[in-house]
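For the numbers below, each heavy atom of this structure counts, side chains included, while hydrogens, waters and symmetry mates do not. Residue numbers start at 1 and run along the sequence shown.
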Amino acid sequence: SARYGLGKIYLEEKRLPEALAMADEAVRLDQDSASAHYLKARILLQMRRSKEGQNELATVRKLQKEATDRLEREVSGSVYRDPQLAGEGK
């Protein structure tokens, strides 16, 4: 989104309050965006708001896991099995 892009630009320019405002808006508009949460985490960590930044990183990990699990189910039609490990029991 435009707000995500502006947030990245503001972060590069070290305009952290403006960057955070854009990241907040990007997250508000798409709560399932791991990228928006990651941007917000980076900004918070640079602002030395460590606890909030870590919470955002936890959200990123959760969203990434959910996306990976969803993709694996779509691709395999069930639980994903690593093809290299599938043949180990033979």
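Residues Leu45, Leu57, Val60 make up the rest of the hydrophobic cluster containing Tyr38, defined by ILVMFWY side-chain heavy atoms closer than 4.5 Å, directly or through other members.
Taking CG of Leu44 as the start and CD of Glu56 as the end, the distance is 6.5 Å to the nearest 0.5 Å. Note that CD1 of Ile43 is 10.0 Å distant from CE of Met22, once rounded to the nearest 0.5 Å.
Minimum interatomic distance between Ser1 and Ala26 (heavy atoms only, all atoms of both residues): OG-CB, 4.2 Å.
Under the salt bridge (charged side-chain N to carboxylate O under 4.0 Å, His left out) criterion, the residue pairs touching residues 28-39 are Glu25-Arg28, with sequence neighbours excluded.
Taking Gln31 as the reference, nothing meets the side-chain contact (heavy atoms from CB on, under 4.5 Å) condition, with sequence neighbours excluded. Residues satisfying the salt bridge (Lys or Arg N to Asp or Glu O under 4.0 Å) criterion with Arg42, sequence neighbours excluded, are absent altogether. The salt bridge (Lys or Arg N to Asp or Glu O under 4.0 Å) check on Arg49 picks up Glu52, with sequence neighbours excluded.
Between Arg70 and Glu66 no salt bridge is recorded (no basic side-chain N to carboxylate O distance below 4.0 Å). Salt-bridge formation is not detected for the pair Asp69/Arg73: no Lys NZ or Arg NE/NH1/NH2 atom is positioned less than 4.0 Å from an Asp or Glu carboxylate oxygen.
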Please list every donor-acceptor pair under 3.5 Å in which a side-chain atom of residues 8-18 meets a protein atom from a residue at least two apart or in another chain.
| unit_1 | atom_1 | unit_2 | atom_2 | d |
| --- | --- | --- | --- | --- |
| Glu13 | OE1 | Arg15 | NH1 | 3.1 |

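Considering Gln54, His37, Gln64 as possible partners of Thr59, the one that fulfils the side-chain contact (heavy atoms from CB on, under 4.5 Å) test is His37.
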